[in-house]
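Worksheet: one structure, shown below.
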Amino acid sequence: CPRCMQCDAKFDFITRKHHCRRCGKCFCDKCCSKKVPLPRMCFVDPVRQCAECALISQKETEFYDKQLKVLMNGATFFVTLGTSDKSELMVCRLSNNQRFLVLDGDSHYEIEIIQISTVQILTEGFTPGGGNTRAIGMILQYKVPGSEELTQMKFTAAEDFSCNKKLSASWLAAMHKATKLLYESRDQ
């Protein structure tokens with residue numbers, strides 16, 4: 001006999017089953033009562049979701065409303081490829097279709113987001129309480145199409161006057177949030 005995925009309530013004429021519009025699992029009314037917009041699945045009006053999915057959907061909405069613009073506008077970094085000791089000043093941004101990380105300088109790179117395996121945000125100013133840290137760079141590992149080996153890129157916020165360090169820190173913070181969202185959605 002079918003039961004609620006969360007509280008194990010038995011479905012009958014009184015306790016009806018409802019499907020979460022995000023994960024598709026069956027829940028009772030109490031466990032699937034959150035109504036949240038789900039634009040990535042073409043639900044513009046709020047739809048029924050379980051508590052876990054509603055939380056992820058809210059985080060995604062906040063991300064799309066705030067962080068996505070920052071990532072698409074881009075920021076300037078010194079980029080070091082692999083184990084090289086040479087770095088290149090490049091503008092890094094998310095492509096308009098949100099599928100590629102585009103780096104432009106003397107060289108040009110387009111890294112498909114799906115090929116990125118790890119993102120590590122580099123910070124400075126750590127205090128014992130965990131406050132007052134700021135993002136100063138990131139290390140990105142990705143697979144080059146046609147190869148199984150991982151390539152590493154290191155991004156360091158540019159220090160000179162022509163580059164806006166605050167913009168670089170905002171871009172890194174947005175990238176950190178994007179990475180967390182990406183890993184959360186992959187785990188579902």
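Note that the structure is predicted; figures quoted are calculated from it, not measured.
- Asp29 pairs by the salt bridge (Lys or Arg N to Asp or Glu O under 4.0 Å) definition with Arg48, not counting sequence neighbours.
- Looking at Ser117, its side chain does come within 3.5 Å of a backbone N or O of Gln141 through a donor-acceptor pair.
- Neither side chain, Ser95 nor Glu110, offers a donor N or O lying under 3.5 Å from an acceptor on the other.
- A salt bridge links Arg22 with Glu60: at least one charged nitrogen is closer than 4.0 Å to a carboxylate oxygen.
- Atom NE2 in His18 sits 10.0 Å away from atom SG in Cys4 (nearest 0.5 Å).
- Not one N or O on the side chain of Gln115 forms a donor-acceptor pair closer than 3.5 Å with the backbone of Pro145.
- Without hydrogens or angle criteria, Ser168 side chain to Thr76 main chain gives a donor-acceptor distance under 3.5 Å.
- The two residues Leu38 and Val47 have their closest heavy-atom pair at CB-CG2, 4.2 Å.
- No side-chain heavy atom of Thr80 sits less than 4.5 Å from a side-chain heavy atom of Phe78.
- Hydrophobic clustering (ILVMFWY, side-chain heavy atoms < 4.5 Å, transitive): Leu122 and Leu172 are in distinct clusters.
- When the shell of 6.0 Å around CG of Asn96 is examined, it contains 12 or fewer heavy atoms from other residues, nucleotides or ligands.
- The nearest pair of heavy atoms linking Gly74 to Arg93 is CA-CB, 3.6 Å.
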Could you go through Phe27 and Lys17, starting from their C-alpha distance and side-chain angles, then the distance that decides it, and tell me whether this counts as side chain to side chain contact (heavy atoms under 4.5 Å, CB included)?
CA-CA 6 Å; Phe27 297 92; Lys17 73 177 171 182; over 6 Å; no
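- By the neighbour-count criterion of 12 heavy atoms within 6.0 Å, atom CG of Asp106 is sparsely surrounded, having that number or fewer from other residues, nucleotides or ligands.
- Thr123 contributes atom OG1, which lies 9.5 Å from atom NE2 of His176 (distance to the nearest 0.5 angstrom).
- Below 30°, between 30° and 60°, or above 60°: for Phe155 and Phe77 the angle between ring planes is above 60°, a perpendicular geometry.
- For the side-chain contact (heavy atoms from CB on, under 4.5 Å) test, no residue two or more places apart in sequence or in another chain qualifies with Glu62.
- Annotation for Cys50 and Cys23: closest pair SG-SG, 4.1 Å, computed over non-hydrogen atoms.
- Contact detail for Pro37 and Thr61: the closest heavy-atom pair is O-OG1, 4.4 Å.
- Side chains of Met153 and Leu103 form a contact here, defined as non-hydrogen atoms less than 4.5 Å apart.
- Thr83 OG1 to Lys154 NZ: the interatomic distance, rounded to the nearest 0.5 Å, is 12.5 Å.
- For the pair Glu149 and Lys143, the salt-bridge criterion is not met [side-chain N within less than 4.0 Å of a carboxylate O].
- You'll find the side chain of Met138 reaches within 4.5 Å of the side chain of Trp171, heavy atoms only.
- Side-chain contact between Cys92 and Leu101 is present, with heavy atoms from C-beta onward closer than 4.5 Å.
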If you apply the rule side chain to side chain contact (heavy atoms under 4.5 Å, CB included), what do you find for Leu140 with Gln152, and how did you get there?
CA-CA 6 Å; Leu140 185 80; Gln152 181 173 298; over 6 Å; no
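- Atom-to-atom distance recorded for Gln6:CD and Cys28:SG is 7.5 Å, nearest 0.5 angstrom.
- Side-chain contact between Gln120 and Thr118 is absent, with no heavy-atom pair separated by less than 4.5 Å.
- Neither Ile136 nor Leu71 shares a network with the other; the hydrophobic side chains, linked directly or stepwise wherever heavy atoms of I, L, V, M, F, W or Y lie under 4.5 Å apart, form separate groups for each.
- Annotation: side chain of Val36 is in contact with side chain of Ser57 (closest heavy-atom distance under 4.5 Å).
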Are Lys34 and Gln58 close enough, and set up right, to give a side chain to side chain contact (heavy atoms under 4.5 Å, CB included), and what steps lead you there?
CA-CA 11 Å; Lys34 306 269 187 217; Gln58 286 171 330; over 6 Å; no
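- No side-chain heavy atom of Lys69 sits less than 4.5 Å from a side-chain heavy atom of Gln67.
- At least one donor-acceptor pair closer than 3.5 Å links the side chain of Thr179 to the backbone N or O of Met175.
- Residues Val119 and Ile121 are in side-chain contact: their nearest non-hydrogen atoms beyond the backbone lie under 4.5 Å apart.
- Closest heavy-atom contact between Cys26 and His19: SG-NE2, 3.2 Å.
- In the hydrophobic clustering of this structure, Tyr142 groups with Ile113; members are Ile, Leu, Val, Met, Phe, Trp, Tyr whose side-chain heavy atoms approach within less than 4.5 Å, directly or through other members.
- Residues Leu81 and Ile116 share a hydrophobic cluster, clusters being chains of Ile/Leu/Val/Met/Phe/Trp/Tyr side chains in contact below 4.5 Å.
- Val91 and Leu89 are assigned to two separate hydrophobic clusters, defined by single-linkage of ILVMFWY side chains at heavy-atom distances under 4.5 Å.
- Taking every heavy atom of both residues into account, His108 and Met90 meet most closely at N-CE, 4.4 Å.
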